[in-house]
Amino acid sequence: AAVLTVIMMLQSAIACSAAYAGEKTLDEKLYNEAGNALKSLGVISEYSDLNVEIENMTRFEFVKLIVDLFETAGISFDSANGTFSDIDHSTELAKTVDKAIAAGLVYGDGDSQFRADDIITRNEAVSVALNALGYNAIKSYMTYPQYLAIADRLDLTDGVYAADGLMSLGDAYVLIYNMLTTDVLEADSFTVKNGNTNVSYEKSGKNFLQAYFNAEYTEGIMTANQYAHISRDEQAEDYCYILSDDGEVKINCDDSTVDTYLGYAVKAYYRTVNSKNCLLFMWADDTNDVTVIDGEDVTGYDFSSKSIKY
């Protein structure tokens with residue numbers, strides 16, 4: 001794992017505010033991709049694309065979603081003593097918030113209020129996401145704008161529209177979806193010199209999906225399914241092959257619905273069980289340009305060039 005060293009210095013408010021500069025574009029397809037990915041991992045029980053772009057998410061709902069993310073991965077938290085004066089500590093809400101406190105996900109807003117029913121802002125949600133990735137270990141050594149700027153460098157907010165700075169349900173799904181393939185952080189050492197904080201830290205070499213779900217992510221072209229291979233005279237039986245940067249990845253695909261992705265650029269989550277790569281979720285990349293040809297329109301096939309005429 002690479003060791004990184006960064007110098008945290010005082011910056012002007014204008015420079016720090018650049019973390020969220022630029023135009024954000026709402027991407028409904030990405031919302032659906034993210035929601036279905038979280039469903040495939042069991043983080044959410046069901047997903048509907050109805051109103052995900054306009055249904056706002058409260059502070060409590062987002063924190064609960066992050067706690068659920070960890071607990072779905074098998075991570076449990078000891079409950080901390082509640083520090084928020086506006087929470088009834090005999091409620092289920094308090095149990096979830098206490099877990100989030102114990103995990104270092106939330107620290108409050110300085111007035112001992114949690115404000116559970118307030119719509120969570122993009123900045124607040126990003127801060128919680130960074131905490132979940134382990135960056136809370138270096139949080140006290142920088143200003144709040146500097147901390148938020150880390151998310152931009154990690155591409156953590158890609159696709160997060162957050163109209164008027166407020167998170168929708170879809171935005172929350174996309175932010176957590178981005179978290180899954182972001183490396184978690186392991187802090188190493190801290191020194192202060194001439195008023196500047198020298199933070200030396202080491203990325204674990206594992207992204208969130210690998211570290212907590214024991215799963216892998218890959219992307220590439222699906223080159224075979226149980227019926228055919230796009231470049232060889234063979235079939236994959238109950239496997240598909242995905243051509244990725246790491247070579248041809250062989251994944252067990254018991255789900256026959258993915259057969260339709262033959263030749264597509266795809267992304268996939270999978271987990272290795274008994275030396276077999278088992279598919280968790282697969283979806284088509286939005287870069288695919290698809291031409292549909294009906295069988296009755298095919299007029300011939302050239303075996304030498306492996307091409308069809310229509």
| said: Applying side-chain contact (heavy atoms from CB on, under 4.5 Å) to Thr72 and Phe213, what does each step give before you reach the verdict? | reply: CA-CA 8 Å; Thr72 301; Phe213 282 88; 4.0 Å; yes

| field | Derivation of the side-chain hydrogen bond (donor to acceptor under 3.5 Å, both in side chains) call for Glu219 and Tyr217 | value | CA-CA 7 Å; Glu219 59 183 65; Tyr217 167 84; 2.4 Å; yes

| query | Which is it for Asn225 and Thr260 under the side-chain contact (heavy atoms from CB on, under 4.5 Å) test, yes or no, and what are the steps along the way? | reply | CA-CA 9 Å; Asn225 62 14; Thr260 59; over 6 Å; no

| request: Given side-chain contact (heavy atoms from CB on, under 4.5 Å), test Cys240 with Met222 step by step and report yes or no. | output: CA-CA 7 Å; Cys240 72; Met222 184 197 277; 4.1 Å; yes

| message | Applying side-chain contact (heavy atoms from CB on, under 4.5 Å) to Ile44 and Tyr173, what does each step give before you reach the verdict? | response | CA-CA 10 Å; Ile44 57 177; Tyr173 289 164; 3.9 Å; yes

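Of all the heavy atoms in His229 and Ala224, the pair that sits closest is CD2-CB, 3.4 Å. The heavy-atom pair separating Gly205 from Gln210 by the smallest distance is O-OE1, 3.9 Å. Taking each heavy atom of Val273 and Cys278 in turn, the nearest pair found is CB-SG, 4.2 Å. Minimum heavy-atom separation, Glu33 to Ala284: OE1-O, 4.4 Å. The two atoms that bring Met179 and Ala129 nearest to each other are SD-CB, 3.7 Å, heavy atoms only. Taking each heavy atom of Thr223 and Glu248 in turn, the nearest pair found is OG1-OE2, 3.4 Å.
When the side chains of ILVMFWY residues are joined at heavy-atom separations under 4.5 Å, either directly or via intervening members, Leu130 and Met142 end up in a single hydrophobic cluster. Note: the hydrophobic cluster containing Leu166 does not contain Val174 (ILVMFWY, side chain heavy atoms under 4.5 Å, direct or indirect links). Hydrophobic clustering (side-chain heavy atoms under 4.5 Å, transitive across Ile, Leu, Val, Met, Phe, Trp, Tyr) groups Ile75 together with Val184.
In summary, the side chains of Tyr310 and Asp294 do not present any donor paired with an acceptor at a separation below 3.5 Å, with no hydrogens or angles considered. No side-chain donor from either of Tyr144 and Gln146 sits under 3.5 Å from a side-chain acceptor of the other. When only modelled atom types and interatomic distance are considered, Tyr147 and Asn131 share a side-chain donor-acceptor pair under 3.5 Å.
For the pair Glu92 and Lys95, the salt-bridge criterion is met [side-chain N within less than 4.0 Å of a carboxylate O]. Remark: Glu124 engages Arg59 in a salt bridge, criterion side-chain N to carboxylate O under 4.0 Å.
Taking a 6.0 Å sphere around CG of Asp164, one finds it holds 12 or fewer heavy atoms contributed by other residues, nucleotides or ligands. No more than 12 heavy atoms of other residues, nucleotides or ligands lie within 6.0 Å of NZ in Lys64, so this atom counts as exposed by the packing criterion. In the displayed structure, Tyr264 atom OH is contacted under 6.0 Å by at most 12 heavy atoms of other residues, nucleotides or ligands.
Judged by distance alone, with hydrogens and angles left aside, the side-chain atoms of Thr58 form a donor-acceptor pair with the main-chain N or O of Glu61 at under 3.5 Å. Judged purely by atom type and a 3.5 angstrom limit, Ser244 has no side-chain atom pairing as donor or acceptor with the backbone of Gly220. Panel note: side chain Asn178, backbone Leu156; a donor-acceptor pair is recorded below 3.5 Å. A donor-acceptor pair is defined here as one N or O able to donate and one able to accept, closer than 3.5 Å; no such pair exists between the side chain of Asn277 and the backbone of Ile251. Under a 3.5 Å cut-off, the side chain of Asn136 and the backbone N or O of Lys139 do not form any donor-acceptor pair. Put simply, the side chain of Asp171 gets close to the backbone of Tyr161: a donor and an acceptor are under 3.5 Å apart. Of the possible polar contacts, none joining the Asn123 side chain to the Val126 backbone as a donor-acceptor pair under 3.5 Å is found.
The CZ atom of Phe62 sits 11.0 Å away from the CG atom of Leu169 when rounded to the nearest 0.5 Å. Expressed to the nearest 0.5 Å, how far CD1 of Ile87 lies from CZ of Phe114 amounts to 5.5 Å. To the nearest 0.5 angstrom, Phe70 atom CZ is 7.5 Å from Ile66 atom CD1. In this structure, CZ in Arg271 is found 14.5 Å from CZ in Phe281, a value given to the nearest 0.5 Å. The distance from the OH atom of Tyr270 to the OG1 atom of Thr218 is 5.5 Å, given to the nearest 0.5 Å. Once rounded to the nearest 0.5 Å, the distance linking OH of Tyr269 with CG of Leu209 reads 6.0 Å.
Tyr241 forms part of no hydrophobic cluster, judged by ILVMFWY side-chain heavy-atom separations under 4.5 Å.
Residue Val43 forms a side chain to side chain contact (heavy atoms under 4.5 Å, CB included) with just one option from Leu69, Leu180, Ile176, and that option is Leu69.
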